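The next block holds one structure in the form of structure tokens; read it before the comments.
Everything numeric here is computed off the predicted structure, so don't read it as measured data. Side chains are part of it too, since the values below use all heavy atoms of this structure and drop only hydrogens, waters and symmetry mates.
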Amino acid sequence: MKITAISRVGHDRIRTAGRDGAPFLLRLEGGGELRASAVIDASGTYTTPSVLGADGLPAYGEAQAAPFVDHALPDVLGADRGSYEGKHTLVVGAGHSAATTLLALAELADTRITWAIRAQNAGRTYGGGGADALPARGALGTRLRAHVDSGRITLAVGFHTYSITEDGGQVTVISRDPSGAEQSVTADRIVAATGYRPDHSIAAELRLDLDPILGSTRALAPLIDPNQHSCGTVPAHGVDELAHPESGYYAVGVKSYGRAPTFLMATGYEQVRSVAAALAGDWEAARDVQLDLPETGVCSSNLAEAQEVRVGLATGISGGLPATPLPLVTADAGGGCCG
């Protein structure tokens with residue numbers, strides 16, 4: 001059952017009188033409606049991936065090249081194997097989704113792999129190696145670096161995707177950096193591991209207070225800003241930071257973070273607990289938000305293995321909180337952990 005739009009019974013976004021007392025109206029795909037006293041939107045961002053273009057705009061030719069492009073975490077070793085084995089794949093992105101895909105591709109015989117990132121080095125993706133607070137996460141970076149050092153994966157740095165053209169069953173991706181310098185890669189497939197964007201269109205008739213930069217709630221934005229925070233330095237937050245002027249509506253999980261890549265499953269669990277407590281009328285519990293993370297940032301753990309069995313991203317955390325105290329290490333100066 002898919003929700004296509006949310007409003008208030010008898011109220012568009014403009015009408016105020018009696019608004020808070022009106023139930024929510026949820027329109028269903030294919031016809032029909034539901035009414036609800038509250039709405040928790042945990043629909044995520046997976047259906048709205050970010051573009052390949054380095055400036056936030058689609059690269060020239062990106063729409064036409066869509067048949068050659070997969071978004072984050074294709075099933076390289078399973079259902080999608082035939083699309084990659086024996087071919088040349090370009091993976092664009094510096095986050096853990098990109099790293100997971102790269103490691104899976106490296107297991108395929110006779111497969112060429114190029115990895116393109118905007119940064120001048122891959123230190124942020126490699127992470128802390130053996131000193132990482134989560135050994136499995138450190139192993140992810142260590143394995144990836146070994147493939148790059150051995151030449152199994154070709155790393156293209158300073159890569160700012162500008163245009164994509166198709167010719168003879170392949171695509172040529174041209175990078176043009178801010179100085180105008182160009183480089184290009186010709187490949188059979190592209191994996192765009194460039195993140196996701198929130199889509200608030202189903203709530204267009206609700207009164208949302210969104211941060212103009214991230215697309216999260218305005219109150220949450222300074223707590224998750226990737227210019228200031230890594231995953232592990234995001235403070236615990238709950239119902240108060242997730243609230244909108246539209247009483248009773250909450251976006252939770254990765255959608256609540258907008259474009260910020262600093263989301264953790266453990267953080268999302270605490271969000272949901274806090275909101276559920278508030279809706280049950282237990283405001284003391286709702287505002288008692290707690291989260292214990294190592295300051296280096298817990299992004300994800302054991303991602304390659306998770307992708308191989310198609311269970312998605314792991315948190316590396318038991319029950320939403322670390323099962324045992326974790327040692328702290330100095331964060332990489334190259335940036336946050338959550339590309």
Is it the case that the side chain of [X] and the backbone of [Y] share a donor-acceptor pair, with hydrogens and angles ignored and the cut-off at 3.5 Å?
{"X": "Arg13", "Y": "Ala204", "answer": "yes"}
{"X": "Glu166", "Y": "Gly169", "answer": "yes"}
{"X": "Ser7", "Y": "His11", "answer": "yes"}

(message) Assess whether a salt bridge exists between Glu246 and Arg19, defined as any Lys/Arg side-chain N lying under 4.0 Å from an Asp/Glu carboxylate O.
(response) yes
(message) Tell me whether Glu182 is salt-bridged to Arg176, with the criterion being a basic N under 4.0 Å from an acidic carboxylate O.
(response) yes
Just so I know, are the side chains of [X] and [Y] near enough to count as touching, which here means a heavy-atom distance under 4.5 Å?
{"X": "Pro222", "Y": "Gln228", "answer": "no"}
{"X": "His229", "Y": "Ile224", "answer": "no"}
{"X": "Trp283", "Y": "Val239", "answer": "yes"}
{"X": "Thr47", "Y": "Asp199", "answer": "no"}
{"X": "Leu155", "Y": "Ile117", "answer": "yes"}
{"X": "Leu73", "Y": "Thr101", "answer": "yes"}
{"X": "Arg197", "Y": "Val51", "answer": "yes"}

Grab the two heavy atoms, one from [X] and one from [Y], that are nearest each other, plus how far apart they are.
{"X": "Thr45", "Y": "Pro198", "result": "CG2-CA, 3.9 Å"}
{"X": "Tyr249", "Y": "Ala203", "result": "OH-CB, 4.1 Å"}
{"X": "Ala38", "Y": "Leu279", "result": "CB-CD2, 3.8 Å"}
{"X": "Phe68", "Y": "Asp188", "result": "CD2-O, 3.5 Å"}
{"X": "Gln64", "Y": "Pro67", "result": "O-CD, 3.4 Å"}

(message) Working to the nearest 0.5 angstrom, can you tell me the gap between Asp41 CG and Ile6 CD1?
(response) 5.5 Å
Applying the 4.5 Å side-chain criterion to the ILVMFWY set and letting contacts propagate, would [X] and [Y] be lumped into a single cluster?
{"X": "Val289", "Y": "Leu264", "result": "no"}
{"X": "Val191", "Y": "Val92", "result": "no"}
{"X": "Val171", "Y": "Tyr162", "result": "no"}

(message) Could you check whether atom CG of Asp149 has more than 12 heavy atoms from other residues, nucleotides or ligands sitting under 6.0 Å from it?
(response) yes
(message) Whether the Thr217 and His244 side chains hold a donor-acceptor pair (N or O, under 3.5 Å, no angle test) is what I'd like checked.
(response) no
(request) Answer yes if the side chains of Arg118 and Thr194 hold a donor-acceptor pair under 3.5 Å, and no otherwise. (result) no
(request) Scan Thr165, Thr186, Asp167 and name whichever one has a side chain to side chain donor-acceptor pair (under 3.5 Å) with Thr172. (result) Thr186
